[in-house]
Protein chains: 2
Amino acid sequence: MTKEKRVTLDDVASLAGVSAITVSRALRQPDVVSEKVRARVESAVRRLGYVPNPAARQLASGRSNVIGVVIPSVTNNVFADVLRGIYDGVGEAGYEIQLANTRYAPSLEENALRLFASQKPAGVIVTGFDQSDASADLLAGLACPVVQIMDHGPTPAQMSIGFSHFDAAVAATRHLIDQGYTRLGFLGARMDPRTQKRFNGFRQTAMLAGVYSERRVVTTPEASSVTKGAALLSDLLAIAPEVDAVFCNNDDLALGAVFEARRRRLSVPGELGICGFNDLEMMAAAEPPVTSVRTPRLEMGRRAIEAVLTSLAAGTRDTAAIDLGFEIVARESTARASTLLFHK
Amino acid sequence: MTKEKRVTLDDVASLAGVSAITVSRALRQPDVVSEKVRARVESAVRRLGYVPNPAARQLASGRSNVIGVVIPSVTNNVFADVLRGIYDGVGEAGYEIQLANTRYAPSLEENALRLFASQKPAGVIVTGFDQSDASADLLAGLACPVVQIMDHGPTPAQMSIGFSHFDAAVAATRHLIDQGYTRLGFLGARMDPRTQKRFNGFRQTAMLAGVYSERRVVTTPEASSVTKGAALLSDLLAIAPEVDAVFCNNDDLALGAVFEARRRRLSVPGELGICGFNDLEMMAAAEPPVTSVRTPRLEMGRRAIEAVLTSLAAGTRDTAAIDLGFEIVARESTARASTLLFHK
DNA sequence: GCTCGTAATGATAGCGCTATCATTACTTGA
DNA sequence: TCAAGTAATGATAGCGCTATCATTACGAGC
């Protein structure tokens with residue numbers, strides 16, 4: 001239980017034979033102090049094991065080293081990957097990630113943004129484009145870099161890094177149609193804004209191809225899960241037994257559908273095609289392997305934090321909407337067409 | 001873009017007609033100021049929309065409102081549930097959760113604890129008992145409440161909330177033996193300290209029952225995944241085709257094993273029993289439903305943060321090791337005995 | 001009546017940094 | 001030769017709170 005006094009800037013300063021403010025500068029803006037002084041300061045810092053006090057720094061400068069991250073869920077694999085990208089990307093840059101969990105509730109999102117705003121954060125990363133008016137105002141009022149992730153659109157608050165959920169659903173639906181499925185169904189859970197966009201892409205594409213029926217759309221406002229996927233497929237089959245393929249909101253549901261089909265001895269892809277969304281690791285390993293839409297989750301996280309750090313280093317506030325795209329990963333679960341794909 | 005000055009304690013004080021320090025007290029220790037003053041202060045706070053500045057508070061008091069949470073992975077479902085418990089439990093208590101991701105590396109754990117220590121955290125929650133000497137010293141030197149989670153043992157640094165991985169593995173192995181399996185195998189990934197304890201429980205129990213063979217233990221230092229579960233089962237079957245049941249390190253591996261068995265037309269539970277660990281949501285929904293060991297993940301998170309908050313409120317530092325136990329959830333994947341269990 | 005204890009409030013002095021404005025030592029051009 | 005610029009460093013004054021030590025008012029006890 002070391003009871004020594006905390007090492008402060010002054011301690012470093014007197015050891016290095018300079019003033020405290022010079023040490024401060026040597027640490028924060030190394031190019032404005034002379035080579036010689038910088039070396040002396042650095043050696044003194046090492047000798048004493050000096051660690052800056054973030055509270056004092058924040059109080060004096062009016063800025064904090066906190067990068068706020070607003071996500072709707074911490075238990076969702078999708079956000080877990082994004083988070084990993086963020087933590088990987090921030091590395092030892094001296095910033096702290098502060099997580100706020102909105103549980104898909106706009107009011108909690110507002111609370112979180114208000115809290116962040118009061119802390120004068122170094123940066124903010126927020127999920128999606130569909131903020132409430134109050135949240136949008138809070139975002140617009142932030143003086144720091146702001147990155148919206150997980151979605152793509154024409155009017156980001158500052159920067160956005162994501163992909164088009166609508167386009168991804170269109171591509172997935174086309175894939176099902178190309179495989180010869182003609183009575184498409186949709187399984188959806190939660191139905192948050194991005195899920196809704198996927199549904200819209202599905203509906204438009206299926207309608208244009210004449211393979212859409214509203215009877216074959218089964219959704220629930222509850223959270224997504226594998227169990228829910230099985231239940232939704234059961235519901236769908238009860239209502240519309242003619243369905244020959246389902247586009248699932250996400251991979252959890254798709255996996256549940258695969259299990260339910262197996263229980264009912266429905267052959268996949270022969271009698272029922274199943275397509276998921278996100279391409280979680282397990283989809284390739286499933287039996288049969290499940291077609292999904294690969295989304296750049298890790299990269300969104302990494303690029304988002306990079307964008308914040310770059311903007312912070314440059315002192316500029318860019319406006320840019322970056323589309324990282326997606327990829328249809330066709331696997332056996334939808335391989336009805338002659339071009340049957342085999343995956344180990 | 002409101003450019004108003006930040007509302008400070010002094011603003012509140014002059015509106016309430018008291019001194020700043022009294023406002024500070026009214027906010028932090030309401031019972032030492034008079035009823036009348038407290039009411040005036042509270043109304044002034046509301047009128048002005050005052051939000052305390054955490055940096056100033058921390059600098060002046062030498063304490064922060066940060067509760068540090070050290071976990072080995074953010075992409076693991078197991079920790080996602082624990083995190084959710086923590087975030088749920090901390091609620092609006094005015095503390096901030098700071099996450100540190102060690103990626104199972106002791107050196108990163110030390111770094112994280114050192115960083116936390118320098119911030120004089122309000123509390124620390126750390127995963128497991130198996131810290132390096134340096135990390136253990138850092139933990140011992142902390143003046144704040146410390147909770148170790150995810151494991152159970154006789155000598156917590158302060159408090160611990162978890163369960164015995166050894167005992168859980170013993171129970172799971174007994175279950176397999178009770179079902180009549182006689183050539184048990186083990187699939188393991190990562191092999192971190194808690195995984196190792198599970199293996200030890202498995203080995204001891206299987207040895208005592210005479211159903212153990214080292215040939216039937218297949219592990220990898222790499223991270224766990226469904227794909228890896230399928231690969232490990234393939235390896236095991238190549239080396240020891242006589243295996244009739246596998247105890248898997250965790251549910252990802254178990255699910256991969258189920259898929260691989262299906263690919264090989266091996267009947268589960270008839271030809272191969274499969275038991276997972278953690279009882280993730282998907283295990284019950286799988287086909288066949290998979291036996292697993294239910295672990296109190298959400299509750300560990302919730303109880304850990306509760307313990308920190310309680311200790312903080314009481315100003316005491318208890319020592320206690322709380323065992324939340326576990327539960328064997330027997331499902332079809334190991335139902336070889338006559339008492340076949342059906343689960344919807 | 002006077003000391004003493006107790007409850008409520010206030011004055012003062014930092015916490016450890018950084019923003020801002022000097023100051024110093026040199027260089028440079030007319 | 002000297003005003004004027006430039007680069008490097010320093011002195012000072014807070015940032016917004018809280019710890020600590022007064023101070024005040026008032027009733028209890030001898």
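Since we're looking at a predicted model, the values are computed, not measured. Note on naming: letters A, B, ... go to the chains in the order of the sequence lines (proteins, then strands), and numbering restarts at 1 for each one.
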Exercise. Using a cut-off of less than 4.0 Å, is there contact between a side-chain N or O of A:S34 and OP1 or OP2 of D:dA8?
Worked result: no
Exercise. According to a strict under-4.0 Å criterion, is B:R63 in side-chain N/O contact with OP1 or OP2 of D:dA19?
Worked result: yes
Distance check needed: [N] [atom2] versus [X] [atom1], whole Å only.
| X | N | atom1 | atom2 | result |
| --- | --- | --- | --- | --- |
| B:R28 | D:dA19 | CZ | C1' | 9 Å |
| A:R38 | D:dT9 | CZ | P | 10 Å |
| A:I21 | C:dA22 | CD1 | P | 15 Å |
| B:Y50 | D:dC17 | OH | P | 3 Å |
| A:D11 | C:dC17 | CG | C1' | 13 Å |
| A:L48 | C:dG16 | CG | P | 14 Å |
| A:Q29 | C:dA19 | CD | C1' | 11 Å |

For the side chain of [X], counting heavy atoms from C-beta on, which of [options] is nearest?
| X | options | value |
| --- | --- | --- |
| B:S19 | C:dA11, C:dC15, C:dA19 | C:dA11 |
| B:S61 | D:dT18, C:dT9, C:dG16 | D:dT18 |
| B:A60 | D:dC17, C:dT9, C:dA19 | D:dC17 |
| A:R25 | D:dT20, D:dC17, C:dT20 | C:dT20 |
| B:S24 | C:dG10, C:dT18, D:dT18 | D:dT18 |
| B:T22 | C:dT9, C:dG16, C:dT18 | C:dT9 |

Exercise. So which heavy atom on A:S132 is nearest to which on A:E110, and how close?
Worked result: OG-OE2, 2.8 Å
Problem set entry | B:R38 and B:E35 ion-paired at < 4.0 Å | yes
Problem set entry | B:A20 vs A:V51, nearer the 5' end of DNA chain C by closest nucleotide | B:A20
Seminar exercise, completed: Output for pair (A:Q98 CD, B:Q98 CD), nearest 0.5 Å, gives 6.0 Å
Exercise. How many angstroms lie between CD1 in A:I149 and CZ in A:R303, if you round to the nearest 0.5 Å?
Worked result: 13.0 Å
Problem set entry | Check: A:R317 side chain, A:A143 main-chain N or O, donor-acceptor pair, under 3.5 Å | yes
Seminar exercise, completed: Per-residue pairing states of DNA chain C in dot-bracket (Watson-Crick or G-U under 3.5 Å; . unpaired, | other strand) read ||||||||||||||||||||||||||||||
